[in-house]
Engineer: 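Quick one: structure below, then a few questions.
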Amino acid sequence: MRKSLVLVLAAVLILGLASVSLAKVLDPKVEPGQIGKYGGTFVDYSINDPKTFNLVTAKETSSTGVLSLLVFEGLTEVNYETMEIEPALAKSWKFSDGGKVCTFQLRRGVTWQDGQPFTADDVVFSYQMYFDPAVGSSTRDVFMIDGQLPQVKKIDTYTVQFILPKPFAPFLVNASAEILPKHKLEKAYKEGKLTETWGINTPVKEIVGTGPWRLADFKPGQRLVYTRNPNYWRVDKAGHTLPYLTRYIIEIVPNLETASLKFRSGELSAYEVRGEEYRLYKQGEKQGNYTVYNGGPTYATLFLVFNQNPNVTKEPKLSWFTNVKFRQALAYAIDKKTMIETIYDGNAVPQWAAISPAQKYYSNPKVKEYPYDLKKAQAVLAEAGFKKDAQGVLRDPKGNAVEFVINTNSGNSVRERALNIISEDFKKLGIKAIAQPMDFNKLVENLTTPNPWDAILIGLTGTYDPNGSSNTFGSWGGLHMWWPRQKEPATQWEARIDELMRQGAVTMEPSERRKIYFEVQDILAEQVPMIYTVTPTYLGAIRNTFGNAKVNAAGGYAWNSWQLFIKK
Amino acid sequence: MWAYILRRFLNMIPLLLGVSLLSFIMIHLAPGDFLTQARLNPDISQETLQVMEARFGLDKPLPEQYFRWLWGMLHLDFGLSFSYKMPVFQVIGTRVLNTLILSVTAMIISWGVAIPIGIHAATHRYSWSDKLLTVFAFLGLSIPNFFLALLLLYVIVAAHLPLPVGGMTSIDFDYMSFGEKVVDLLKHLLVPALVLGTAGIAGLMRQMRGNLLDVLRMDYVTTARAKGLAERIVIYKHAVRNAINPLVTIFGFWIAGLLSGAALTENVVAWPGLGQLILQALMAKDVYLVMGAIMMGSVLLVAGNLLADILLAVVDPRIRYS
């Protein structure tokens with residue numbers, strides 16, 4: 001009896017000691033923010049199951065979302081609060097040879113979750129996998145500079161060198177690609193079985209990263225359970241090893257209505273509120289003990305694009321769509337205010353610049369704007385020789401009635417509603433704009449292969465670095481939707497954009513880069529090949545019991561999971 | 001009898017071949033393929049897409065893709081799921097038990113409730129209870145499952161009932177004793193099983209009622225009554241046994257449905273079943289996963305029918321196969 005009591009006491013003592021454990025990592029990263037207490041669970045949710053635990057080949061967010069930042073990390077990371085690039089697994093870096101060589105100092109004492117040391121070998125091995133054309137990882141594509149890949153060299157156990165073919169501005173953010181354990185994956189890679197490795201049937205204890213959370217359980221279709229990594233490399237200001245919470249859980253909830261109910265019943269710790277739910281959630285704040293944060297505009301864009309590809313678009317449509325006055329006039333006819341009010345219940349902002357306002361630093365706030373004004377639209381159309389006839393039908397200078405089809409993907413209610421608002425307004429100009437939602441797959445096929453279509457309302461997700469848009473803005477790009485994969489830029493302004501995008505990629509000085517991308521946005525706003533509409537705002541609800549909650553559009557509500565703690 | 005069963009099995013082969021060919025063609029008639037999403041990703045280059053196409057065999061002509069799959073099938077290799085990069089058989093395997101738990105419970109509810117109330121409705125024709133049950137049956141038939149499920153979940157939240165909102169197990173499930181586990185599972189099962197169960201009750205109960213009414217009009221029932229048999233024996237021993245034949249056939253179809261899952265209900269109540277998995281696979285054009293599910297469903301349908309026919313012979317001595 002006595003003995004067992006002593007044992008219990010000892011256990012309590014050990015637990016107590018563990019909970020104030022001080023850092024063992026030689027080069028910890030000190031995190032600002034409130035000093036919290038240990039213990040507690042955060043219950044997150046995801047709409048889809050992970051399809052694989054293999055980050056090299058994972059291409060869907062349902063897989064990357066349950067691993068990135070939680071289990072695996074890169075050399076660098078984006079601080080979603082400041083939007084700066086910060087050291088992660090690398091302690092520091094130095095550029096030399098005019099920006100062509102980047103030397104990373106790795107953090108010493110970092111271990112994989114199974115206790116193996118993390119070293120330069122893991123970094124070199126990870127990039128070897130990413131860069132292997134046979135593996136088919138999309139990480140390879142973002143590192144490709146003019147058809148060449150950087151060389152990755154180990155200098156010593158804690159130093160890695162990247163040799164770039166030329167200075168490349170997005171390099172540092174790309175270096176946030178996750179580092180994977182060599183000792184676990186090398187065998188499979190050498191045998192050519194990498195893509196089938198770490199499927200969801202792998203025992204979870206095999207999946208080891210350097211991150212704050214270790215995967216402890218996965219029940220397909222139900223949930224993922226993570227436990228705290230006791231040897232993590234982040235510490236708080238007092239030197240306590242992070243994370244504070246003991247468990248992190250992701251429930252798989254395929255239906256958004258159910259997720260909403262689950263949050264309201266108290267089963268979930270946080271919830272991404274949809275625009276139309278905002279009022280309901282705001283009212284319930286006190287009763288549900290949570291706060292709805294406005295995280296600012298998201299990266300998501302929604303725009304109308306006309307087909308200017310002469311190989312597929314026939315006259316007279318081609319001469320309308322390639323006429324800048326025509327496009328400008330239609331830009332004046334898009335009622336963003338109604339869209340924001342009716343589709344998002346006010347929780348969206350108009351987008352004028354081609355780089356979303358979410359990319360605060362690079363988004364140009366002073367581009368040409370096209371406020372909703374049907375009279376102005378008519379006037380601009382008249383300048384281009386388009387006139388309404390006696391029946392109210394708009395006719396081009398040759399007398400053809402203006403009539404075209406606008407597609408969007410069916411099943412996306414936001415886009416379908418936006419499309420209806422747009423086509424109604426175009427009708428007021430005498431244009432017969434036929435709204436025709438179609439299957440997403442068919443839509444993408446139309447966009448990316450030379451297929452006949454008139455106009456499409458679609459969105460793209462922006463990236464942290466503006467160079468991510470080069471595939472869209474550059475006339476060589478596959479997502480240069482109005483005329484993809486041009487051999488030579490068709491117009492002067494496209495040629496200028498091409499030149500600027502190439503410059504932007506190799507300009508290292510941020511203020512210089514900013515000037516370049518501002519000009520790109522000015523040209524795109526003047527020429528309006530893509531008429532941008534509105535960008536929704538990110539709304540995140542998180543329980544008031546959590547300290548250090550930092551909600552924003554880029555990172556969501558739990559990007560700093562290692563800092564969250566339960567307030568007493 | 002055995003020769004008959006063997007013949008039915010042999011008949012299955014051309015049937016399944018036809019089903020597989022037809023579904024393979026239909027999946028490919030719809031536009032797009034597994035990589036369609038990736039094509040709209042600014043970060044993925046043309047070159048990488050080609051590597052992926054080659055890896056999944058999407059660059060091969062369709063007939064070749066089909067025959068490769070068929071050849072694998074003959075060796076019980078159902079191919080690799082594109083999205084999971086895992087054998088189709090294993091992917092389906094992760095969900096089979098969950099689906100069975102739900103569908104068997106729902107089936108017990110449906111049959112367990114429908115047969116007695118069907119009998120009651122037939123023997124008390126046009127009474128107030130018959131009319132009430134009929135209203136109930138039509139309500140059950142006409143409310144969409146997903147809506148009823150959502151409604152029930154909403155009631156749980158609004159009324160603060162001590163029940164979980166969707167899912168299959170609680171977070172602490174692994175730390176529970178066996179008894180607690182069963183209770184926890186039942187709590188989670190309540191909403192989906194009730195929804196799927198009531199959806200089935202309506203049709204079955206109407207069937208049972210109609211059949212029994214037909215039988216009760218037969219001469220031999222009058223004879224039995226004239227002989228002075230107790231009403232209970234007339235109904236349960238003679239009438240019901242004869243009225244139940246068509247339901248045995250329906251039972252065969254239900255067996256086929258056991259593993260097909262109920263995608264919409266599963267989606268709403270976050271039940272990790274096969275229905276959702278297959279719906280997602282279909283939308284992502286994960287061809288072999290869909291094909292695997294279709295083949296499994298077809299085999300079950302044929303087998304369920306066979307089972308029903310055998311059962312018929314067992315319950316009805318007049319039926320003999322040769």
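In what follows, chains carry the letters A, B, and so on, assigned in the order in which the sequence lines appear, proteins first and then strands, with residues in each chain numbered from 1. The shown structure was predicted, so the numbers you read here are calculated from the model rather than taken from an experiment.
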Engineer: So, B/K285 and A/D439, do they make that salt bridge, N to O below 4.0 Å?
Structural biologist: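 Looking at B/K285 and A/D439, the cut-off is not met.
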Engineer: Consider side-chain contact (heavy atoms from CB on, under 4.5 Å). Of B/T94, B/N98, B/D174, which one does A/K219 pass it with?
Structural biologist: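 Checked B/T94, B/N98, B/D174 against A/K219; only one passes side-chain contact (heavy atoms from CB on, under 4.5 Å): B/D174.
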Engineer: Atom CG in A/N255, atom CD in B/E266: separation rounded to 0.5 Å?
Structural biologist: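 Rounded to the nearest 0.5 Å, the CG-CD separation comes out at 12.5 Å.
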Engineer: Tell me which of these, A/P220, A/S137, A/G199, has more heavy-atom pairs under 4.5 Å with chain B than the rest.
Structural biologist: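 The option with the most such pairs is A/P220.
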Engineer: Among B/Y84, B/Y154, B/F146, B/W271, which has the most heavy-atom pairs under 4.5 Å with chain A?
Structural biologist: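 Highest number of heavy-atom pairs under 4.5 Å: B/Y84.
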Engineer: A/P254 and B/Q276: which non-hydrogen atoms are nearest, and at how many Å?
Structural biologist: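 Minimum heavy-atom contact is CG-OE1, 3.0 Å.
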Engineer: Return the minimal non-hydrogen interatomic distance between A/S265 and B/V157, and the atom names on each side.
Structural biologist: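 Nearest heavy atoms, A/S265 then B/V157: CB-CG2, 3.9 Å.
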Engineer: Determine whether B/I171 and A/E251 make a side-chain contact, defined as any pair of heavy atoms from C-beta on separated by less than 4.5 Å.
Structural biologist: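 Counting from C-beta outward, B/I171 and A/E251 do come under 4.5 Å.
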Engineer: Under 4.5 Å heavy-atom distance to chain B, tell me which part of A/I249 shows up: side chain, backbone, both or neither.
Structural biologist: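 For A/I249, the side chain is the part near chain B, not the backbone.
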Engineer: Nearest 0.5 Å, what's the NZ-NZ distance between A/K51 and B/K85?
Structural biologist: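 One finds 10.0 Å between NZ of A/K51 and NZ of B/K85.
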Engineer: A/E196 versus chain B, heavy atoms under 4.5 Å apart: side chain, backbone, both or neither?
Structural biologist: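 Both backbone and side chain of A/E196 come within 4.5 Å of chain B.
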Engineer: Do B/P164 and A/E267 touch side chain to side chain, with heavy atoms closer than 4.5 Å?
Structural biologist: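 The answer is yes; the side chains approach within 4.5 Å.
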Engineer: Under 4.5 Å from any heavy atom of chain B, what part of A/V225 do you find: side chain, backbone, both or neither?
Structural biologist: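 Neither part; nothing is under 4.5 Å.
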Engineer: Are any non-hydrogen side-chain atoms of A/R223 and B/M168 less than 4.5 angstrom apart?
Structural biologist: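 A/R223 vs B/M168: side chains apart.
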Engineer: If you compare all heavy atoms of B/A270 against all heavy atoms of A/I252, which two are closest, and at what distance to 0.1 Å?
Structural biologist: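 The answer is CB-O, 3.9 Å.
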Engineer: Side chains of B/L153 and A/T258, heavy atoms from C-beta outward: is any pair under 4.5 Å?
Structural biologist: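 Yes, their side chains come closer than 4.5 Å.
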Engineer: Give, as side chain, backbone, both or neither, the part of A/A134 having an atom under 4.5 angstrom from any heavy atom of chain B.
Structural biologist: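 For A/A134, backbone heavy atoms alone lie under 4.5 Å from chain B.
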Engineer: Roughly how far apart are B/L152 CG and A/L261 CG, rounded to 0.5 Å?
Structural biologist: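 Reported value, rounded in 0.5 Å steps: 11.5 Å.
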Engineer: Of the backbone (N, CA, C, O) and the side chain (C-beta and beyond), which part of A/N201 lies under 4.5 Å from a heavy atom of chain B, both, or neither?
Structural biologist: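 Both the backbone and the side chain of A/N201 come within 4.5 Å of chain B.
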Engineer: Name the member of A/K262, A/M144, A/R264 that forms the most heavy-atom pairs with chain B at distances under 4.5 Å.
Structural biologist: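 Heavy-atom pairs under 4.5 Å are most numerous for A/K262.
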Engineer: Can you find a pair of side-chain heavy atoms, one from A/Q222 and one from B/T169, that are under 4.5 Å apart?
Structural biologist: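 A side-chain contact under 4.5 Å exists here.
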Engineer: Identify which part of A/D217 has an atom lying under 4.5 Å from any heavy atom of chain B, answering side chain, backbone, both or neither.
Structural biologist: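 Side chain only.
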Engineer: Can you find a pair of side-chain heavy atoms, one from A/I200 and one from B/Q90, that are under 4.5 Å apart?
Structural biologist: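 Heavy-atom side-chain distance check fails, nothing below 4.5 Å.
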Engineer: For A/T41, which atoms come within 4.5 Å of any heavy atom of chain B: side chain, backbone, both, or neither?
Structural biologist: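 A/T41 has no heavy atom closer than 4.5 Å to chain B.
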